[in-house]
Amino acid sequence: MCNPSSDPEALLSVGIDIGTTTTQLILSRLVLKNQASDFAVPDIAIAEKEVLFRSRIHFTPLLDERTIDAEGVRRIVDEEYARSGVDKAAVQTGAVIITGETARKENARQVLSALSEFAGDFVVATAGPALESVLSGKGSGAADYSRQNHCSVLNFDIGGGTSNLALFDDGEVADTGCLNVGGRLIKLSPEHVITYISPVLEGLTALSVGQGVSREELLPVVNLLCGVLIQAAGLAPQTPLLEKFITDKTVSLGRRTPVLSFSGGVADVMGNSPPDWDAYGDIGVLLGQAIAASQLMKAPHITGAETIRATVIGAGSHSTQLSGSTIHFHDAVFPMKNLPVLSVTEEEERSPTLSQTLRQRLRWFQAEGGGTQVVLALRGEANPRFSRICQLADAIAEGFSDQLAAGYGLLIAVRHDMGKALGQALSYRLDAHTPVVCLDGISLQTGAYLDIGMPAMHGSVLPVVVKTLILT
């Protein structure tokens with residue numbers, strides 16, 4: 001394997017966000033660079049992120065309240081690729097994110113299938129409130145602000161159906177949450193007749209579908225939603241009302257007094273409200289105005305560098321990680337997609353019965369079809385002895401013996417930088433044509449999925465996307 005040169009190399013990344021209210025696409029350039037000296041172990045990192053193309057903001061097409069218009073979404077993406085002038089085959093990484101209430105639609109998987117032709121060889125399709133929260137927080141600039149100012153920042157990404165919360169400490173994710181608070185919990189006709197009320201508001205308002213309403217009649221619901229956000233920010237005691245709106249969980253602030261940050265479509269109208277309160281046929285403008293006039297603005301706060309585009313920019317520019325420096329791969333075919341992760345505890349990893357534990361855990365993935373390719377997630381050690389690497393390789397080879405006999409390869413992800421040594425030890429123990437991939441610098445948990453892209457920087461790094469699939 002050649003050492004990478006110091007010249008930067010770039011990946012073309014796409015982000016597609018199909019949200020409760022809007023659908024967007026961006027294309028970004030991710031510049032990779034070896035930050036180590038010529039005589040040190042390579043340290044490959046994403047040194048620069050540049051957004052090359054921003055699509056128009058489209059209303060997410062729906063056939064009805066329960067069904068996304070998959071063909072309509074496909075047309076939007078097709079049109080925006082044409083506008084960008086980029087060949088979809090040139091895309092190397094990124095993410096397709098179905099967010100908010102849209103992720104709960106019955107045909108979400110059909111939509112992902114309709115977009116497969118635009119995905120290139122390495123784009124993930126994923127949904128999950130924790131990942132949405134992290135991506136929007138990074139895309140909004142909240143993570144960067146936290147890092148640069150060495151402080152805690154709580155980002156509220158307030159969309160049409162949900163508000164995704166991400167807490168950052170010194171730029172690192174400390175916690176995430178999600179609330180059923182958004183601008184399209186009530187929808188209106190041009191004549192101000194209610195056409196939809198979210199089930200989450202049941203029992204909290206006397207308003208009903210078919211009723212004509214004024215701005216003043218909607219304000220009690222809007223102020224109630226704003227009060228939920230105030231409680232989640234730690235600016236008022238938490239009540240059972242907050243519990244009613246939690247869809248995933250809320251963040252744990254502890255003793256922190258975070259700076260508040262706001263992104264999403266509702267944040268977009270907080271400081272630039274359109275002249276008509278019903279401009280979008282919902283309560284989004286009213287909610288933005290209520291937040292802007294609330295005690296949320298009396299706390300230390302910032303407006304995201306990106307608001308309505310925060311999630312899509314996070315998906316296109318922040319979903320990709322790199323595994324490099326000391327990786328090993330042999331006889332593997334890239335890209336690889338939707339690989340389920342199997343992790344073990346630190347105690348299990350050090351136990352002499354690790355091979356038996358692996359054999360038992362692998363049965364979790366054999367309920368259908370006789371088995372599947374699995375990624376084994378390990379912690380590893382910072383400075384392992386050669387004898388320890390051999391011991392670990394023996395246990396893994398033994399534990400995966402049934403998988404190997406069935407024709408599967410070995411895919412390992414290690415938190416510490418020992419991927420090359422462990423991968424070579426495994427390859428030495430296996431048939432010469434058995435695929436082996438050993439990544440490092442990646443932290444994974446059971447329940448996550450992994451995508452591995454084409455090798456970059458002369459084969460010294462592999463781009464990966466860690467994701468959580470919750471679509472049913």
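Just so it is clear, the values below take in all heavy atoms, side chains as well, and ignore hydrogens, waters and symmetry mates.
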Legend entry - Heavy-atom pair with the smallest gap, counting every atom of R256 and S152: CD-OG, 3.6 Å
Legend entry - Nearest heavy-atom neighbours spanning N155 and G137: ND2-CA, 3.8 Å
Inset, instruction - Indicate yes or no: at least one non-hydrogen side-chain atom of C151 is less than 4.5 angstrom from one of V153. - result: yes
Legend entry - Test applied, side chain to side chain contact (heavy atoms under 4.5 Å, CB included); reference residue, I158; option that passes from D268, V266, T307: V266
Legend entry - Closest approach of Q92 to L11 (non-hydrogen atoms, all atoms of both residues): OE1-CA, 3.3 Å
Legend entry - Main-chain N/O of G264 paired with D157 side-chain donor or acceptor, under 3.5 Å: yes
Legend entry - Closest non-hydrogen atom pair between D170 and H150, with its separation: OD1-CA, 2.7 Å
Legend entry - Check: A310 main-chain N/O paired with S140 side-chain donor or acceptor under 3.5 Å: no
Legend entry - Greater than 12 external heavy atoms within 6.0 Å of D87's CG: yes
Legend entry - Euclidean distance, L426 CG relative to H330 NE2, rounded to 0.5 Å: 11.5 Å
Legend entry - Atom pair CG (D331) and OG1 (T434), whose distance is rounded to the nearest 0.5 Å: 8.0 Å
Legend entry - Contacts of T446 that satisfy side-chain hydrogen bond (donor to acceptor under 3.5 Å, both in side chains) - sequence neighbours left out: S343
Legend entry - Close side-chain approach of F245 and T250, heavy atoms under 4.5 Å: no
Inset, instruction - Determine the sole option in L179, L229, T176, D175 for which the side chain to side chain contact (heavy atoms under 4.5 Å, CB included) test with L165 is passed. - result: L179
Inset, instruction - Carefully, step by step, assess E79 and H58 under the rule side chain to side chain donor-acceptor pair (under 3.5 Å). - result: CA-CA 11 Å; E79 291 170 6; H58 302 262; 5.1 Å; no
Inset, instruction - Determine, for R350 against E381, whether the closest basic-nitrogen to carboxylate-oxygen distance falls under 4.0 angstrom. - result: yes
Inset, instruction - Keeping the roles fixed (side chain from R309, backbone from S55), state whether a donor-acceptor pair exists under 3.5 Å. - result: yes
Legend entry - Separation of T23 OG1 from R75 CZ (nearest 0.5 Å): 12.0 Å
Inset, instruction - Could you grab the distance from atom CD of E48 to atom CG of L32, nearest 0.5 Å is fine? - result: 11.0 Å
Inset, instruction - May I ask you to decide if L339's main-chain N or O and Q373's side chain share a donor-acceptor pair within less than 3.5 Å? - result: no
Inset, instruction - Decide yes or no for V31 and E50: does some side-chain heavy atom of the first lie under 4.5 Å from some side-chain heavy atom of the second? - result: no
Inset, instruction - Taking the side chain as every heavy atom from C-beta outward, state whether L450 and L439 have any pair of such atoms under 4.5 Å apart. - result: yes
Inset, instruction - Rounded to the nearest 0.5 Å, what's the gap from NZ on K88 to CG on D78? Could you check? - result: 7.0 Å
Inset, instruction - Evaluate the side-chain contact (heavy atoms from CB on, under 4.5 Å) criterion for residues K49 and K138: first the C-alpha distance (whole Å), next the side-chain angles of each, then the deciding distance (0.1 Å), finally the verdict. - result: CA-CA 12 Å; K49 304 179 181 77; K138 290 183 176 181; over 6 Å; no
Legend entry - Matching residue for I18 among I76, I97, V312, L115 - test: side chain to side chain contact (heavy atoms under 4.5 Å, CB included): L115
Inset, instruction - Answer yes or no: is there a side-chain heavy-atom contact under 4.5 Å between T20 and T60? - result: no
Legend entry - Donor-acceptor pair, side chain of Q403 and main chain of T372, under 3.5 angstrom: yes
Legend entry - Under 3.5 Å: donor-acceptor pair, side chain of T162, backbone of N180: no
Legend entry - L27 side chain near V14 side chain, heavy-atom distance below 4.5 Å: yes
Legend entry - side-chain contact (heavy atoms from CB on, under 4.5 Å) evaluation trace for L392 with L378: CA-CA 10 Å; L392 193 56; L378 302 172; 4.2 Å; yes
Legend entry - Side-chain donor or acceptor of S146 paired with backbone N/O of A142 under 3.5 Å: no
Inset, instruction - Mind telling me whether H301 and F262 have parallel, tilted or perpendicular rings, with 30° and 60° as the class edges? - result: perpendicular
Inset, instruction - Decide side-chain contact (heavy atoms from CB on, under 4.5 Å) for V341 and Y449; before the verdict, give the C-alpha distance in whole Å, the side-chain angles of both, and the deciding distance to 0.1 Å. - result: CA-CA 6 Å; V341 173; Y449 287 74; 5.8 Å; no
Inset, instruction - Without swapping roles, check the side chain of Q24 against the backbone of I308 for a donor-acceptor pair under 3.5 Å. - result: yes
Inset, instruction - Report yes if some heavy atom in the side chain of V437 is under 4.5 Å from a heavy atom in the side chain of L462; otherwise report no. - result: yes
Legend entry - Nearest atoms (heavy-atom pairs only) where A166 meets S133: CB-O, 3.3 Å
Legend entry - Any S261 side-chain heavy atom under 4.5 Å of F168 side chain: no
Inset, instruction - Assess the side chains of T93 and S13: does a donor N or O sit below 3.5 Å from an acceptor N or O? - result: no
Inset, instruction - Answer yes or no: is there a donor N or O on one side and an acceptor on the other, between the side chain of S351 and the main chain of E348, under 3.5 Å? - result: no
Legend entry - Check against side-chain contact (heavy atoms from CB on, under 4.5 Å), D440 and L422: CA-CA 10 Å; D440 58 24; L422 180 58; over 6 Å; no
Inset, instruction - Of all the heavy-atom pairs spanning G182 and L225, show the shortest one and how long it is. - result: O-CD1, 4.1 Å
Inset, instruction - Look at the side chain of R379 and the backbone N and O of V344, then say whether any donor-acceptor pair between them is shorter than 3.5 Å. - result: yes
Legend entry - Nearest-0.5 Å distance, CE of residue M454 to CD1 of residue I452: 12.0 Å
Inset, instruction - Assess the side chains of Q356 and R359: does a donor N or O sit below 3.5 Å from an acceptor N or O? - result: no
